[in-house]
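Structure first, commentary second.
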Amino acid sequence: MPFLTAYWGKAQPRPDAVQSWHPVAYHSLDVAAAMAALLDVRPAWLAAVAAALNLSPEACRQRLVLAAALHDLGKFAENFQCKVPALQQLLSAEAGRTPHARLSTSGHGDIGHSLWKALARERRLRGLTPWVQAAVAHHGAPTTDPALNNAMTEASITDAGAFTDAALDLIGRPAFPDNYPEELGAETWRVTGLVILADWIGSNQSWGTPVTRLTQEIGTMEKSGSPSSLLSCRILGWWSWSGSSRGTRLINTLTARGNRRRSPSSKRPE
């Protein structure tokens with residue numbers, strides 16, 4: 001399953017980390033599960049977005065969790081992977097591939113924007129596009145729509161699509177009526193803000209959040225034959241963490257009204 005093993009998402013581990021890199025698929029699901037936990041702790045936030053968009057809370061929650069899962073699609077691009085050349089070469093070799101460098105200087109948010117448009121057309125999920133566009137803008141600015149050919153190979157586009165399909169299998173495929181609006185309007189900013197907060201929670205290594213145990217989990221997946229089963233275990237682990245006293249206390253601290261202290265990780269995650 002190259003989409004699980006051939007692409008890094010985080011490569012600056014703590015000194016005591018059991019793995020020197022964190023797969024982009026795992027990080028994406030970490031953030032999706034953090035979003036789910038966040039909405040459980042702050043149901044009023046979910047209700048506000050749902051009411052503004054005339055959605056049921058259940059439908060809105062599914063869209064928000066999916067958007068969080070897809071927020072870093074652009075990290076599958078070779079022009080992101082080559083930021084750590086030694087790691088790209090290692091992962092490419094293990095996958096039996098030749099590492100490719102790409103000339104594009106577009107950020108992974110912009111690449112994710114363009115990539116999702118291509119994936120959405122193939123999967124008839126145009127209604128999810130404004131949610132994903134809000135999510136890929138999680139670094140604080142609206143994204144652009146650059147060409148993919150200078151950023152990604154066909155292999156990485158295929159692998160990003162395989163991850164997208166696994167996430168849809170796990171979280172669910174939303175239904176969109178014919179008259180569903182193609183824009184979120186002012187809610188774009190609230191969706192982006194929720195993804196930013198979920199990304200902070202899912203990225204910080206000092207809060208006791210789950211860590212990669214790649215060899216063990218890949219072995220489990222190979223026995224079951226289903227990537228969705230592995231991703232399900234990943235999310236269930238996060239739900240267990242979010243229900244713990246430490247997880248609930250962290251989310252409450254980050255989202256408390258009037259809390260003017262900066263996040264323990266003031267540097268926005270890449």
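Both backbone and side-chain heavy atoms feed into the values below; hydrogens, waters and symmetry mates do not. Numbers here are sequence positions counted from 1.
Residue Glu122 places its CD atom among more than 12 non-hydrogen atoms of other residues, nucleotides or ligands, all under 6.0 Å distant.
For the atom pair CG of Leu29 and CG of Leu170, the computed distance is 6.0 Å after rounding to the nearest 0.5 Å. Put simply, CG on Asp165 and CZ on Arg123 are 4.0 Å apart, with the number rounded to the nearest 0.5 Å. Here the OG-CD1 distance, from Ser203 to Ile196, works out to 11.5 Å after rounding to the nearest 0.5 Å. Atoms CG and CH2, on Leu91 and Trp21 in that order, are 4.5 Å from each other to the nearest 0.5 Å. The CG atom of Leu46 sits 13.0 Å away from atom CZ of Arg42, with the distance rounded to the nearest 0.5 Å. The distance from the CG atom of Leu119 to the CG atom of Leu70 is 8.5 Å, given to the nearest 0.5 Å.
In this structure, Gln62 has no side-chain hydrogen bond (donor to acceptor under 3.5 Å, both in side chains) partners at least two apart in sequence or on a different chain. Partners of Arg173 according to the side-chain hydrogen bond (donor to acceptor under 3.5 Å, both in side chains) rule, which considers only residues two or more places apart in sequence or in another chain, do not exist here. Under the side-chain hydrogen bond (donor to acceptor under 3.5 Å, both in side chains) criterion, Thr143 pairs with His113, not counting sequence neighbours.
Residues Arg190 and Glu187 are paired through a salt bridge, judged by an N-O separation under 4.0 Å between the basic side chain and the carboxylate. The pair Lys10-Asp30 fails the salt-bridge criterion, with no side-chain N (NZ, NE, NH1 or NH2) lying under 4.0 Å from an Asp/Glu carboxylate O.
A donor-acceptor pair is defined here as one N or O able to donate and one able to accept, closer than 3.5 Å; such a pair exists between the side chain of Thr129 and the backbone of Arg126. With His27 contributing its side chain and Val24 its backbone, the two residues share no donor-acceptor pair below 3.5 Å. Side-chain atoms of Ser114 come within 3.5 Å of backbone N or O of Pro146 as a donor-acceptor pair. Between the side chain of Trp8 and the main chain of Gln81, a donor-acceptor pair closer than 3.5 Å is present. Side-chain N or O atoms of Ser92 include none that pairs as donor or acceptor with a backbone N or O of Arg97 at under 3.5 Å. With hydrogens and angles disregarded, no donor-acceptor distance shorter than 3.5 Å links the side chain of Asp159 to the backbone of Phe76.
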How far apart are the C-alpha atoms of Glu154 and Ile157, what are their side-chain angles, what is the distance that settles it, and do they pass the side-chain contact (heavy atoms from CB on, under 4.5 Å) test?
CA-CA 5 Å; Glu154 287 298 322; Ile157 292 173; 4.3 Å; yes

Determine whether Thr164 and Leu125 satisfy the following criterion, side-chain contact (heavy atoms from CB on, under 4.5 Å), listing intermediate values before the conclusion.
CA-CA 11 Å; Thr164 298; Leu125 279 174; 5.9 Å; no

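Under the 4.5 Å side-chain criterion, counting only non-hydrogen atoms from C-beta, Asn79 is not in contact with Asn150. In this structure the side chain of Glu94 never reaches within 4.5 angstrom of the side chain of Thr5, judged on heavy atoms. Between Val136 and Leu115, the closest side-chain pair of non-hydrogen atoms is not below 4.5 Å. Using a 4.5 Å cut-off on side-chain heavy atoms (C-beta onward), Leu194 and Trp45 make contact.
Between His138 and His108, the ring planes are tilted. Angles from 30° to 60° get that label.
For the side chain to side chain contact (heavy atoms under 4.5 Å, CB included) criterion with Arg63, the lone passing option out of Val49, Val132, Leu53, Leu55 is Leu55.
No donor-acceptor contact under 3.5 angstrom links the side chains of Ser28 and Asp72, judged on distance only.
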